[in-house]
Amino acid sequence: MPWRETRDPYAILVSEVMLQQTTVAAVRGYYDRFLAQFPTIADLANAKEDEVLSAWAGLGYYRRARNLQAAACAVMQRHAGVFPADFEEILMLPGVGRYTAGAVASSAFGQSRPIVEANSARVLARLFAVKESLKGGAGLKALWQYSAELLPDRNARDHNYALMELGSLVCTPKNPACTECPVLTYCEAHRLDLVAQIPRVEPKPEKIARAFAGAIVRHAENVLIRRIPAGEWHAGLYEFPKVEIEPWASESKGQDDLKNHISQVAGPVSKLERLSDIRFTVTVHSVTLRVFDMKVSRRRSPAPGYFWLPVSEIEKLPLGSPQKKVLNLLKSPPEWFEVEP
DNA sequence: TACTCGTGGCA
DNA sequence: TTGCCAAGAGT
């Protein structure tokens with residue numbers, strides 16, 4: 001992993017933020033590119049937000065990207081551009097919590113600071129037979145306690161990496177390789193035959209079905225786009241216009257709602273093609289996006305928040321994963337249906 | 001404390 | 001197809 005080959009606290013911070021709730025495989029494709037585009041903390045601090053979001057597009061949890069840039073700005077302002085080595089100062093940076101601060105302090109600066117994240121949490125919970133939920137409260141508090149107690153006075157970097165590696169490769173969520181575990185003889189969960197019950201899994205909230213109808217709206221060589229405002233999903237990114245419809249709405253109802261919306265926002269719809277459905281999830285929502293291809297006959301200046309953009313420039317915008325899929329639909333040539341005025 | 005915020009791979 | 005899961009933090 002490239003982020004283990006450096007001691008640059010900035011590069012390590014970038015990797016740690018990218019890895020929050022994200023798999024190593026997903027981060028691999030972003031880390032090198034991000035650092036090539038923003039090699040130093042000053043480069044990131046001085047970049048435009050859209051550039052940062054574009055570099056992040058597809059990784060998810062986009063607040064991380066904005067917080068990371070805010071952290072870079074904080075280092076420039078509060079620490080004159082020099083990454084702070086003090087744990088408390090690292091912890092004060094935007095988007096940096098207890099785990100990330102500990103990871104940067106131990107792996108960049110070699111300080112003895114404990115970490116608790118998904119892998120080490122599972123290892124510690126089994127090692128000490130923590131039966132409570134690990135999501136918060138007494139269970140989580142115990143994990144931090146154990147992590148601190150196990151921490152050596154030196155080589156904390158290697159120790160913390162090893163803890164994570166053990167959880168990642170041996171002490172896995174399902175079917176852990178206990179026979180290959182180097183600390184099997186210390187494992188309370190194994191001794192009590194509770195490995196399968198620890199860590200405790202909480203019931204997940206039920207998924208909520210939601211549906212949208214969205215359109216690629218064309219006029220000449222331009223396409224209608226909007227920047228997603230704060231408070232909505234994928235805030236800060238860009239998207240094709242859409243309306244929310246009832247998940248059980250009929251095909252024609254959703255189409256009419258969307259057509260009305262487009263005609264208000266951009267101009268009268270003259271031609272239309274039904275493309276396909278894109279399904280994705282946002283936290284507890286499972287979403288269906290019905291995609292249409294539309295043409296407007298007259299082009300008004302669009303409603304606030306919307307703008308026309310040449311088709312060729314869409315890929316430069318920061319797009320979330322669903323919108324990238326919509327963009328893929330655009331590549332097949334349309335088969336238009338005339339629309340009644 | 002509980003909820004929000006994305007995505008892709010895999011069983 | 002569906003659910004689970006991942007190097008969490010902010011509110």
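Everything quoted here is computed from the prediction, not taken from an experiment. Reminder, nothing fancy here: chain letters follow the sequence lines and each chain counts from 1.
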Pick base, sugar-phosphate or nothing for A:Val96, based on heavy-atom distances below 4.0 Å to the nucleic acid. sugar-phosphate
What nucleotide, of C:dA9, B:dT7, C:dA6, holds the atom closest to the side chain of A:Arg63? C:dA9
A:Arg66 CZ - C:dA9 P separation (whole Å): 17 Å
Please determine which of A:Glu117, A:Arg113, A:Glu16 meets the side-chain hydrogen bond (donor to acceptor under 3.5 Å, both in side chains) test together with A:Tyr99. A:Glu16
Starting at NZ of A:Lys135 and ending at C1' of C:dA6, how long is that distance when rounded to a whole Å? 10 Å
Does a salt bridge link A:Arg227 with A:Glu239, judged by any charged N lying under 4.0 Å from a carboxylate O? no
What's A:Pro94 touching, base or sugar-phosphate or nothing? Going by heavy atoms closer than 4.0 Å. sugar-phosphate
If the cut-off is 4.0 Å, is A:Trp233 near the phosphate of B:dG6, judged by side-chain N/O to OP1 or OP2? no
Calculate the interatomic distance between A:Tyr62 atom OH and C:dG10 atom P; express it in whole Å. 19 Å
Specify the separation, in whole Å, of atom CD of A:Glu117 and atom P of C:dC5. 15 Å
Please determine, for the side chain of A:Pro173, which listed nucleotide (C:dG8, B:dT7, C:dC5) has the closest atom? C:dC5
Check every strand shown and say whether A:Ala118 touches a base, only sugar-phosphate, or nothing at a heavy-atom separation below 4.0 Å. sugar-phosphate
Indicate yes or no: does A:Glu188 engage A:Arg126 in a salt bridge with an N to O separation below 4.0 Å. no
Starting at CZ of A:Arg98 and ending at C1' of C:dA9, how long is that distance when rounded to a whole Å? 13 Å
Picking from C:dC5, C:dA9, C:dA6, the nucleotide nearest the side-chain atoms of A:Val201 would be C:dC5
A:Thr283 side chain near B:dC3 phosphate (N/O to OP1/OP2, under 4.0 Å): no
Would a line drawn from the ring center of A:Trp3 to the ring center of A:Tyr31 be shorter than 6.0 Å? yes
Sugar-phosphate only, base, or nothing, as touched by A:Leu59 at under 4.0 Å among non-hydrogen atoms: base
Select from A:Thr23 and A:Asn67 the residue whose nearest nucleotide in DNA chain C is closer to the 5' end of that strand. A:Thr23
N or O in side chain of A:Arg122 less than 4.0 angstrom from C:dA6 OP1/OP2: yes
NZ of A:Lys207 versus P of B:dT4: gap in Å, rounded? 14 Å
Atom CG of A:Leu289 to atom C1' of B:dG6: distance rounded to whole Å? 15 Å
Taking any heavy-atom pair under 4.0 Å as a contact, classify A:Thr100: base, sugar-phosphate, or nothing. sugar-phosphate
Which part of the nucleic acid, if any, lies within reach of A:Phe280 when heavy atoms closer than 4.0 Å are counted: base, sugar-phosphate only, or nothing? nothing
Hey, does the side chain of A:Arg279 come within less than 4.0 Å of C:dT2's phosphate (OP1/OP2), counting only N and O? yes
Per A:Lys325 side chain, nearest of listed nucleotides C:dA9, B:dG8, C:dT2: B:dG8
Can you tell me how far P of B:dT4 sits from NZ of A:Lys204, to the nearest Å? 14 Å
Phosphate OP1/OP2 of C:dG8: any A:Gln21 side-chain N/O under 4.0 Å: yes
B:dT7 phosphate, OP1 or OP2, under 4.0 Å from A:His234 side-chain N/O: yes
Mapping A:Ser321 and A:Gly137 to their closest nucleotides on DNA chain B, which lands nearer the 5' end? A:Gly137
Measure from the side chain of A:Pro322, starting at C-beta and using heavy atoms only, and say which of B:dT7, B:dT4, B:dG8 lies closest. B:dT7
Just checking A:Gly136: base, sugar-phosphate only, or nothing, at a heavy-atom cut-off of under 4.0 Å? nothing
Under 4.0 Å from OP1 or OP2 of C:dG10: is there any side-chain N or O of A:Tyr61 that close? no
Atom pair CG/CD of A:Asp43 and A:Gln69 - distance to nearest 0.5 Å: 11.5 Å
Starting from the 5' end of DNA chain B, give me the residue, A:Val284 or A:Ala25, whose nearest nucleotide shows up first. A:Val284
Would A:Lys295 and A:Glu273 pass as an ion pair if we require N to O under 4.0 Å? no
Within a strict 4.5 Å, meaning less than it, do heavy atoms of the A:Arg28 and A:Met1 side chains meet? yes
